[in-house]
Amino acid sequence: MPTILATLVPFFLFNILILVPMSVSDSNTFLQCLSLYSEPSHPISELIYFPNTPSYSPILNSYIRNLRFNSSTTPKPVFILTPSHVSHIQASILCCKKFNLEIRIRSGGHDYDGLSYVSNSPFVVLDMFLLRSVVVDLKNETLWVESGATVGEVYYRIWEKSKVHGFPAGVCPTVGVGGHFSGGGYGNMMRRFGLSVDNILDAKIVDVDGRLLDRESMGEDLFWAIRGGGGASFGVIVSWKIKLVSVPEIVTVFRVEKTLEQGGGDIVHRWQYVADKMHDGLFIRVVISPVKRKGEKTVKAKFNALFLGSAYDLLDVMSERFPELGLIGNQCVEMSWIDSVLFWYNYPVGTSTDILLERHSSQEKFLKRKSDYVQKPISKVDLDGIWKKMMELGKVSLTFNPYGGKMSEISEVETPFPHRAGNIYKIQYSVSWKEESNDVANQYLDQIRKLYDYMTPYVSKSPRSSYLNYRDVDLGVNGDGDVGYDEASIWGKKYFKRNFDRLVEVKTATDPSNFFRYEQSIPSLASETGIMSE
Ligand SMILES: Cc1cc2nc3c(=O)[nH]c(=O)nc-3n(C[C@H](O)[C@H](O)[C@H](O)COP(=O)(O)OP(=O)(O)OC[C@H]3O[C@@H](n4cnc5c(N)ncnc54)[C@H](O)[C@@H]3O)c2cc1C
Ligand SMILES: *[C@@H]1O[C@H](CO)[C@@H](O)[C@H](O)[C@H]1NC(C)=O
Ligand SMILES: *[C@@H]1O[C@H](CO)[C@@H](O)[C@H](O)[C@H]1NC(C)=O
């Protein structure tokens with residue numbers, strides 16, 4: 001593999017490119033630059049899409065997962081590059097640097113605030129979808145996956161080779177591993193196995209100088225940073241090597257709903273005392289939404305579970321630890337682990353596993369998400385207040401995801417993801433809608449922000465913590481082209497707590513000039529503006 005591609009280029013050419021200012025619209029000059037740096041055996045010219053080409057819009061739109069950023073007023077990239085070889089990534093970085101273009105790296109496009117494909121500065125989208133090979137090494141119980149693959153593809157390729165292996169990652173099969181793994185990555189096996197980042201063995205990244213590095217050559221600091229610190233502050237992640245985990249041949253799932261009238265409020269209250277302390281093979285998520293029943297407003301709590309074992313053993317665990325839910329045998333469904341993946345994404349039982357290879361969802365919506373951590377159970381009275389507020393607002397749902405188990409055994413500084421022991425559960429706030437109107441959007445954004453404000457007394461404090469993969473620009477953004485430590489630390493400490501400072505150190509050492517930047521990128525203390533605001 002090429003390492004420093006710049007050495008392939010005659011030095012005088014390098015100089016000319018720097019000295020002659022290039023207008024962005026001069027696509028030929030940019031193409032020349034790209035060809036200069038790519039390997040001739042892997043031509044790049046077919047992989048670049050300018051706005052005047054017919055494929056530009058379909059390619060841009062195909063990985064937009066939030067319709068808020070699919071409008072004609074959303075800033076569009078100067079062009080899109082779809083690398084199919086690592087030298088294309090190297091060339092993109094070196095040429096964008098020269099032309100002073102920002103790079104937005106997109107793998108699965110699930111960023112909730114669209115930061116992988118929207119910028120206010122002139123920018124290029126590096127779309128990774130052609131790089132999505134998954135190579136399973138069952139003997140070693142490992143797998144190499146390229147960034148553009150989805151977690152559904154990872155699950156599928158494991159299942160093809162083995163019915164007793166799996167991987168702890170997200171519930172939504174279309175999430176891309178490029179963003180998902182570099183931001184943490186959790187799913188319904190996290191209480192047994194931790195996060196995706198807790199099961200990563202190696203990675204390949206192209207850095208700001210166009211060098212292709214692996215774990216050994218990037219060093220432990222950078223390898224630490226990209227496992228939860230967000231990859232896009234440090235370089236372009238090409239691929240990950242992950243450790244497969246063992247799953248039983250048969251697992252059990254259930255889905256039980258209770259409204260307030262059916263005692264749902266008390267059961268949720270009780271859930272807070274057991275969900276993080278039970279058997280680590282049991283993950284019970286609660287989705288709480290305002291609904292109407294017989295014309296009356298109420299709140300519905302949906303308990304979704306995965307148990308890594310038989311229905312018989314699950315009923316045992318439940319009757320001992322959580323009898324309040326009243327789970328009975330015919331609510332439990334035994335199935336293979338791969339079918340549980342489909343069940344959890346609401347596919348009807350019996351759906352073909354092939355659906356995991358489907359990279360697009362047909363039901364895109366306008367949406368906003370936020371997150372919080374709960375460290376002390378919320379009292380019944382306070383929960384009642386929350387239900388009332390939810391009914392009053394009308395549309396926002398809360399999802400409670402239990403922690404504990406393996407999550408509490410891993411130190412807060414082991415990876416940049418700091419939300420470990422001491423957290424009972426994480427809350428995800430969700431609001432989604434289908435109407436295309438700014439007024440409607442503002443109304444729903446207002447609702448979710450109001451509920452978030454209302455929750456202040458009940459959630460983690462100093463800092464009020466958030467999950468990076470639940471991207472939320474309301475927490476704060478870097479100033480325009482002026483990345484300062486102080487403003488970044490406001491959102492940075494929420495996502496990373498004290499790991500933020502180490503991330504800043506790694507950033508300063510690996511990308512001092514702050515080429516890899518976006519609204520919530522880690523600031524470099526070496527970049528001019530960074531020093532000024534210190
Ligand atoms: C429907 C849905 C369900 C979800 N479910 C879960 C869940 O169950 N568990 C969970 O933990 N999260 C979940 N998420 C959140 C998800 O993990 C994050 O949005 C994640 O960052 C998505 O990764 P992506 O590659 O699809 O996104 P992208 O939008 O492509 O990227 C997200 C961020 O990572 C950067 N990035 C992407 N690829 C690379 C790369 N190759 N190198 C460097 N930087 C890169 C981007 O620039 C951007 O900053 C969900 C999101 C959605 C929309
Ligand atoms: C996104 O916008 C484009 C162009 O307006 C449109 O063709 C496409 O259908 C939109 N995507 C979705 C999922 O609505
Ligand atoms: C993987 O397995 C092969 C043999 O199957 C072995 O040579 C190799 O050392 C193993 N380990 C790794 C890390 O690849």
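For ligands, and for the atoms within them, numbers begin at 1 and follow the listed sequence.
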In terms of the angle between their ring planes, are Trp337 and Tyr155 parallel, tilted or perpendicular, with boundaries placed at 30° and 60°? perpendicular
Near Ser147, which atoms of ligand 1 are under 4.0 Å from a heavy atom of that residue? 41 (N)
Given Arg285, His110, Lys426, which has its nearest heavy atom closest to atom 22 (C) of ligand 1? His110
Please state which protein non-hydrogen atom is closest to atom 49 (O) of ligand 1 and give its distance, to 0.1 Å? Arg471 NH2, 3.2 Å
Is the closest N or O pair between Val177 and ligand 1 shorter than 3.5 Å? no
Give the ring-plane orientation class for His360 versus Tyr63, where under 30° counts as parallel, over 60° as perpendicular and anything between as tilted. tilted
Should you measure from each heavy atom of Leu67, which atoms of ligand 2 turn up under 4.0 Å away? 12 (C), 13 (C), 14 (O)
Students often mix this up, so state it plainly: with edges at 30° and 60°, are the rings of Phe500 and Tyr485 parallel, tilted or perpendicular? tilted
Options Phe417, Phe516, Tyr63, Tyr112, ranked by nearest heavy atom to atom 14 (N) of ligand 1, top entry: Tyr112
Once the angle between the rings of His419 and Tyr373 is folded into 0 to 90°, is it parallel (under 30°), tilted (30 to 60°) or perpendicular (over 60°)? parallel
Which option out of Asn401, Ile105, Ile89 puts a heavy atom nearest to atom 46 (C) of ligand 1? Ile105
Considering only the protein, which heavy-atom contact is closest to atom 15 (C) of ligand 1, and what is its distance? Asn469 O, 3.4 Å
Candidates Val118, Val477, Leu115 - the one meeting side chain to side chain contact (heavy atoms under 4.5 Å, CB included) with Tyr518: Leu115
May I ask you to check if ligand 1 and Arg65 share an N or O to N or O distance below 3.5 Å? no
Are a donor atom and an acceptor atom from the side chains of Gln428 and Ser371 found within less than 3.5 Å of each other? no
Under the salt bridge (Lys or Arg N to Asp or Glu O under 4.0 Å) test against Asp472, which residue among Arg369, Lys368, Lys494, Arg449 passes? Lys368
Option with minimal heavy-atom separation from atom 1 (C) of ligand 2, where the choices are Ile64, Thr74, Asn70, Leu60: Asn70
min-distance protein heavy atom vs atom 8 (O) of ligand 1 -> Val171 N, 2.9 Å
Please state which part of Asp111 comes within less than 4.0 Å of ligand 1, counting heavy atoms only: side chain, backbone, both or neither. both
Do ligand 1 and Gly176 have nitrogen or oxygen atoms that lie under 3.5 Å from each other? yes
Atom 38 (N) of ligand 1 sits nearest the protein heavy atom Ser107 OG, 2.7 Å
Let's go through Asp209 and Lys97 carefully: what are the C-alpha distance in whole Å and the side-chain angles of both, what is the deciding distance for salt bridge (Lys or Arg N to Asp or Glu O under 4.0 Å) to 0.1 Å, and is it a yes or a no? CA-CA 9 Å; Asp209 297 319; Lys97 237 166 51 178; 3.7 Å; yes
Using a 3.5 Å cut-off on N or O atoms only, is Gly108 in polar contact with ligand 1? yes
For atom 11 (O) of ligand 1, what is the closest protein heavy atom, and at what distance to 0.1 Å? Tyr467 OH, 2.6 Å
Ligand 1 and Tyr470, any nitrogen or oxygen pair closer than 3.5 angstrom? no
For Asn61, atoms of ligand 2 separated by under 4.0 Å from a heavy atom: 2 (O), 3 (C), 4 (C)
Return a yes/no value for Val175: is any of its N or O atoms, backbone included, closer than 3.5 angstrom to an N or O of ligand 1? no
So CZ of Arg106 and CD1 of Ile64: to nearest 0.5 Å the spacing works out to 6.0 Å
How are the rings of Phe167 and Phe181 set relative to one another: parallel (under 30°), tilted (30 to 60°) or perpendicular (over 60°)? tilted
Parallel under 30°, tilted from 30 to 60°, perpendicular over 60°: which one fits the rings of Trp271 and Phe400? tilted
Could you tell me whether atom 5 (O) of ligand 2 has a protein heavy atom closer than 4.0 Å? no
Distance-only N or O hit between ligand 1 and Gly231, under 3.5 Å: no
Atom CD1 in Ile93, atom CZ in Phe515: separation rounded to 0.5 Å? 6.5 Å
Option nearest atom 3 (C) of ligand 1 (shortest heavy-atom distance, choices Cys172, Gly235, Ala169): Cys172
When you measure from atom 44 (N) of ligand 1 to every protein heavy atom, which one gives the shortest distance, and what is it? Ala232 N, 3.2 Å
In terms of heavy-atom contacts, Thr353 and Tyr156 come closest through O-CD1, 3.6 Å
Specify the protein heavy atom at minimum distance from atom 28 (P) of ligand 1: its residue, its atom name, and the distance to 0.1 Å. Gly109 N, 3.4 Å
For the 3.5 Å polar cut-off, considering only N or O atoms, please tell me whether Val236 and ligand 1 meet it. no
Suppose we measure from atom 42 (N) of ligand 1 to each protein heavy atom; which comes out shortest, and what is that distance? Ile237 N, 2.9 Å
Numbering the atoms of ligand 1 from 1, which are under 4.0 Å from a heavy atom of Gly170? 7 (C), 8 (O), 9 (N)
Would you tell me which option among Lys365, Glu519, His180 has the nearest heavy-atom contact to atom 17 (O) of ligand 1? His180
